[in-house]
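Note: hydrogens, waters and symmetry copies are ignored here, and every other heavy atom, side chains too, is used.
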Amino acid sequence: MTPVTRPELPPPSEIEEALGWLAEHAHENLGTEIALRAAATSRAPDVNLARRADSSLAGVSVSSPGGQWFLEADTPDATADLVGGVAGAAGSTRRWPTKITTSGEVKPWVRPLLGARSVAPVREHDLLAMACRKPPGGGEGRWANPADRAALERYQALYNAERRTSISPDWESVLGRRAVAVLEEDGRIVAVVKRSADTAQYATIGGTWTDPEQRGRGRAKRLTAFLVAEILQERPAVHLVVDDDNAAAIALYRSLDFEEIGGCYMGYLQ
């Protein structure tokens, strides 16, 4: 196999081919499809495609030096080709991506390749990918609007501190569309769930959070049921990922008719 690596984005026909391949091969790791769609607009990340001898597609990589890296492949050889493409870019800039996301199937192929190049992950997460195609009952909530911005900024600060992240949404853009669901009690937002992005087959959700003083009372379940039911009016399925050892969250999603569809892997690189 030979990776196709260009200093510029591949032509639209190859982008469409890669998006179609990902829609069929990457149900666990939707991040690669989402990142490729974004790259087609921004033209900033590096896009590598791995092909077999017959020119059929075998893998896709979307990466940014010092940033995120999304990779999906269907064989160890394709994985090696894609890692080699990113290594070539890193060699010229001396900057590897700092985080890699792929499917659980690709994890055992990619980790030894990273270790051999002295960029073995220093922290790792295994996640469960789940999907829902049936609207759950018992939902409660509403879509956030611009008047909620101050409350949502507070939520994001608390969420970032609790999850050790640094997410900084463009609230003006987010609140201009139906992207954040909230549950309100006594005039105060007590739970939040976000609609993250869309792919060919799914709408993704995440960022579920409940005010610490309000936990254990079913708020997250009712709000998630509301969000899922709303999304399923326009999309065929809702997708999410959750830490595979988060038994409480997994039980919550199963109670809302989410089914497990595979594993996802995230590694933070040296």
Side-chain angles (χ1 to χ4, degrees), residues 1-5 10 14-15 17-39 45-65 67-90 96-131 196-197 199-202 204 206 239-246 259-270:
M1 295 186 185
T2 303
V4 179
T5 307
E14 291 193 27
I15 291 293
E17 178 190 11
L19 288 171
W21 185 90
L22 289 168
E24 295 298 323
H25 290 80
H27 293 269
E28 307 96 328
N29 170 28
L30 298 186
T32 309
E33 184 179 344
I34 293 167
L36 182 58
R37 290 182 185 279
D46 296 324
V47 176
N48 296 344
L49 306 180
R51 294 185 180 277
R52 298 181 179 83
D54 63 2
S55 297
S56 62
L57 202 59
V60 180
S61 169
V62 185
S63 63
S64 178
Q68 297 203 61
W69 179 10
F70 298 91
L71 182 152
E72 200 57 47
D74 60 11
T75 66
D77 286 347
T79 304
D81 285 345
L82 294 172
V83 172
V86 173
W96 278 82
T98 56
K99 178 183 176 182
I100 183 170
T101 302
T102 187
S103 64
E105 181 180 10
V106 174
K107 174 186 174 180
W109 303 337
V110 76
R111 290 176 78 253
L113 296 169
L114 297 173
R117 297 179 183 273
S118 301
V119 287
V122 294
R123 182 160 57 94
E124 300 175 298
H125 290 292
D126 288 309
L127 303 109
L128 193 65
M130 307 183 78
S196 308
T199 69
Q201 300 189 33
Y202 300 97
T204 62
H239 183 285
L240 59 82
V241 293
V242 57
D243 286 342
D244 65 356
D245 60 355
N246 190 341
E259 298 179 345
E260 301 167 20
I261 60 172
C264 184
Y265 166 72
M266 295 180 183
Y268 295 83
L269 309 182
Q270 296 185 33

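Inter-residue side-chain proximity for H239 and I261 is flagged as met; some heavy-atom pair is nearer than 4.5 Å. By the 4.5 Å heavy-atom criterion applied to side chains, V83 and R117 are counted as neighbours. D74 has its side chain within reach of R52: a pair of non-hydrogen atoms, C-beta onward, lies under 4.5 Å apart. Side chains of L127 and D243 form a contact here, defined as non-hydrogen atoms less than 4.5 Å apart.
Between the side chains of T75 and D77, no donor-acceptor pair is found at a separation under 3.5 Å.
Summarising the geometry, atom NE2 belonging to H125 is positioned 7.5 Å from atom NZ belonging to K99; distances are rounded to the nearest 0.5 Å. Atom NZ of K107 sits about 11.0 Å away from atom OG1 of T102, to the nearest 0.5 Å. Here the straight-line distance linking atom CG of L71 with atom CH2 of W109 works out to 10.5 Å at 0.5 Å rounding. A distance of 5.0 Å separates CG of L19 from CZ of R37, quoted to the nearest 0.5 Å. Between S61 atom OG and D81 atom CG the span is 11.0 Å, to the nearest 0.5 Å. We find the CD-NE2 distance between E72 and H27 to be 10.5 Å, quoted to the nearest 0.5 Å.
In terms of modelled atom types and a separation under 3.5 Å, the side chain of T204 and the main chain of A197 share a donor-acceptor contact. At least one donor-acceptor pair closer than 3.5 Å links the side chain of T98 to the backbone N or O of G67. The closest donor-acceptor contact from the side chain of Q201 to the backbone of A23 lies under 3.5 Å. Proximity of a side-chain donor or acceptor of E260 to a complementary backbone N or O of L128 within less than 3.5 Å is not detected. Of the possible polar contacts, none joining the N29 side chain to the Y265 backbone as a donor-acceptor pair under 3.5 Å is found.
Residues V86 and S63 come closest through the heavy atom pair CG2-OG, 3.7 Å. Residue E33 comes nearest to A200 through the heavy atom pair OE2-N, 2.9 Å, listed as atom of the first residue, atom of the second, then distance. Closest approach of A39 and V47 over heavy atoms only: CB-CG2, 4.2 Å. When all heavy atoms of T101 and C264 are compared, the pair lying nearest together is CG2-SG, 3.9 Å. Nearest heavy atoms, L82 versus V60: CD1-N, 3.6 Å. Considering all non-hydrogen atoms of both residues, A78 and A73 come closest at CB-CB, 3.9 Å.
Ring pair W96/W69 is tilted by interplanar angle, where 30° to 60° counts as tilted.
R111 has a carboxylate O that lies under 4.0 Å from a charged side-chain N of E124, or vice versa, which qualifies the two as a salt bridge.
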